[in-house]
There are 2 protein chains.
Amino acid sequence: MSKTDLRSSEELILNAAIKVFTRKGYAGARMEEIAKEAGINRALLHYYFRDKETMFNLIFETKFKEFFTGLFGAFQSDAPFFEKIKRIIDHEITVLSKHPDLARFVIMEIAQQPDRLIQFGQKLGLNPRMMLENFQKEIQQNVLEGKIRPIDGRQLLMNIISICIYPFVAKSIIKTMMQMDENTFLDLMGKRKKDAYEFIINAITP
Amino acid sequence: MSKTDLRSSEELILNAAIKVFTRKGYAGARMEEIAKEAGINRALLHYYFRDKETMFNLIFETKFKEFFTGLFGAFQSDAPFFEKIKRIIDHEITVLSKHPDLARFVIMEIAQQPDRLIQFGQKLGLNPRMMLENFQKEIQQNVLEGKIRPIDGRQLLMNIISICIYPFVAKSIIKTMMQMDENTFLDLMGKRKKDAYEFIINAITP
DNA sequence: TAATTGTTTAACAAAATTGTTAAAAGTGTC
DNA sequence: GACACTTTTAACAATTTTGTTAAACAATTA
C-alpha cells in the first residue's frame with residue numbers, strides 16, 4: 001500500500017481496534033479480528049503497537065477522554081442552572097448518538113478494573129470530585145433560593161445522567177423491545193434532547 | 001467432602017460460576033477461577049457440567065429470568081397508574097440492591113449477542129412487546145384523561161427504567177466519584193425508592 | 001542505484017485456556 | 001464387605017490466542 005492512500009495502515013489499525021475493543025471489550029476482543037477489520041495481517045499490528053494491552057490502553061485513554069471531558073465541561077460551564085442542565089443533556093445525547101458503544105465500553109471496563117477511573121482521571125487532569133461537589137453546591141443554592149424543589153443533589157445528579165446515558169447502554173434491548181431499527185432509535189434520541197429536558201425541569205420546578 | 005456438608009459441590013460450583021460470570025462476563029470468565037472460587041478442582045466442573053458454554057447458558061437463563069420476570073410482573077399488575085410506577089421502582093431497586101452485578105451482566109451479554117433476548121424471552125414465555133404496548137396505552141389513556149402531562153410513552157418508559165437501573169450499572173463510577181463505600185451506596189439506593197418516585201411523579205403531574 | 005521504510009507471507013514459538021482421562025481414594029448405602 | 005457415587009490428583013491432549021521471526025517484496029527517498 002502506498003503512502004498516497006487516504007489512510008495510513010497505522011490509522012486503519014487504530015480505527016479497527018477502536019471498533020473491536022469498544023464492541024467486544026478487552027477480554028472479548030481478538031487481535032485476529034482487529035487485523036481482519038483493518039484489512040491487514042496480524043504481524044503488522046505488532047509492528048505498530050507492542051501488544052494487545054498497549055493497544056487497549058491507548059484506545060481506552062482516548063475513549064475515556066471522549067466520555068468524560070465534554071461532560072465535565074458542560075457541568076463546569078458558567079451558564080445559569082437550567083441552561084446548564086440543558087447543555088449537559090444535549091452534549092451527552094449528541095456524543096453518544098455518534099459513538100454507539102462509547103458509554104457501554106467505558107462503563108464496562110471501569111467495572112472490570114475500578115482503579116482505571118482514578119488512574120486515567122489523573123492522567124488527563126480531570127477532577128471528578130471537585131466537579132461533583134460544585135454541582136451539588138449549585139443545586140443546594142437553587143433549593144435554598146426556592147428556584148427548585150428540595151432534592152438530594154446526588155439523586156438529581158444521578159437522575160440526569162441516568163436519563164441521558166442508560167438508553168445507549170441498553171440500546172440493543174430497547175431496540176428489540178420497542179421494535180425499532182437504528183434510524184428510528186437515533187431519531188427518538190434526537191427528540192429525547194427536548195423531552196428529557198422538559199421531564200427533568202418539570203420534576204424539579206416547584 | 002461428605003454429603004452432610006451444608007452445600008453440595010454442585011451447588012458450590014453453580015454459586016461460584018454465578019459470581020465469576022456475572023462479574024467478568026462470558027469472555028472474561030476463567031474456568032480455573034470458578035473452580036478456585038468454589039474450592040474444588042477443574043475436573044469436577046466438567047463432571048457436573050459439560051463445558052463452559054453449557055454452564056454459562058444455565059446461569060444466563062437464571063439471571064435473565066431474575067432480571068426480566070419480576071419487572072414484567074410489576075408492569076402488568078392491575079394497580080392504578082401511579083401505584084404501578086411505585087411498584088416498578090421499588091421492585092427494581094430492591095432486586096438490584098441484592099444482586100449487584102445482575103443488570104450489568106444481562107445488558108452486556110445481550111449487547112454481545114442481541115438474539116439472546118428473543119431466544120431466552122421465548123424460552124421463558126415472556127412477551128416484551130405486548131407488555132410495552134399495554135403500558136404505553138395506559139400512559140396514553142392517562143394523558144387523554146388529563147391525569148398526567150402529554151408525553152411520549154416511550155420516553156417516559158425509558159426515563160423510569162433509566163432512573164432505576166443506571167446507578168447499578170455504573171455503580172463503580174458513581175461510588176468512586178461520590179466517594180461512597182458499599183454501605184453508603186446501598187443506603188442511598190434505599191432512599192432512592194422514595195426520591196425517584198417523587199421525581200417522576202412531579203415530572204408527569206400537570 | 002542504494003538505502004530506508006513499510007508490508008506480506010508463512011512458519012513457528014510461547015502462553016493461556018479448555019477439555020479429557022485414568023487411577024486412586026473417600027463417602028455413604030445396601 | 002460390596003457397591004455406587006463423589007472427589008482428588010496429575011498428567012496430558014487439544015485448541016485458541018498471542019507474540020516473534022526471517023525472508024522476500026514493494027514503494028519511497030536520497
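Atom set for the values below is all heavy atoms of this structure, side chains included, hydrogens, waters and symmetry mates excluded. Letters A, B, ... are given to chains in the order of the sequence lines, protein chains preceding strands, and every chain is numbered from 1.
When only modelled atom types and interatomic distance are considered, A:T54 and A:N57 share no side-chain donor-acceptor pair under 3.5 Å. For B:Q136 and B:R154, the side-chain atoms include no donor-acceptor pair closer than 3.5 Å. With hydrogens and angles left out, the side-chain atoms of A:D181 and A:T184 include a donor and acceptor closer than 3.5 Å.
Remark: P of D:dG19 and CZ of A:R42 are 9 Å apart, rounded to the nearest angstrom. Taking atom CD1 of residue B:I40 and atom C1' of nucleotide C:dA25, one finds them 17 Å apart after rounding to whole Å. Rounded to an integer number of Å, the gap from CG of A:L45 to P of D:dT17 is 15 Å. Rounded to whole angstrom, the span from the NZ atom of B:K52 across to the C1' atom of C:dA16 amounts to 12 Å. The distance between atom CG of A:L44 and atom P of C:dT9, rounded to the nearest whole Å, is 11 Å. In this structure, A:H46 atom NE2 and D:dT20 atom C1' are separated by 8 Å, rounded to whole Å. Residue B:I34 contributes atom CD1, which lies 14 Å from atom C1' of C:dG19 at whole-angstrom precision. Rounded to a whole Å, the CZ atom of A:F49 is 12 Å from the P atom of C:dT7.
In terms of phosphate contacts, B:Y47 brings a side-chain nitrogen or oxygen within less than 4.0 Å of OP1 or OP2 of D:dT6. Taking 4.0 angstrom as the limit, B:S9 places none of its side-chain polar atoms (N or O) nearer than this to OP1 or OP2 of D:dT6.
Residue contacts for B:D51: at a heavy-atom cut-off of 4.0 Å it reaches the sugar-phosphate backbone alone, with no base atom in range. Using a 4.0 Å heavy-atom distance criterion, A:R30 is classed as a sugar-phosphate-only contact. Among the atoms of the strands shown, only primed sugar atoms or phosphate atoms (P, OP1, OP2) are found under 4.0 Å from some heavy atom of B:A29.
Where A:M31 and A:A43 each meet DNA chain D at their nearest nucleotide, the meeting point lying more 5' is that of A:M31.
Of the charged side-chain nitrogens involved, none lies within less than 4.0 Å of a carboxylate oxygen, so that B:E83 and B:K86 do not count as a salt-bridged pair.
In this structure, of D:dG19, D:dT8, C:dT7, it is C:dT7 that holds the atom nearest to the side chain of A:Y48.
Annotation: cation-pi geometry satisfied between B:R116 and B:F60 (NZ/CZ under 6.0 angstrom from ring centroid, within 45° of ring axis).
Looking at B:R50, its side chain has no donor and acceptor atom pair within 3.5 Å of the base of C:dG19.
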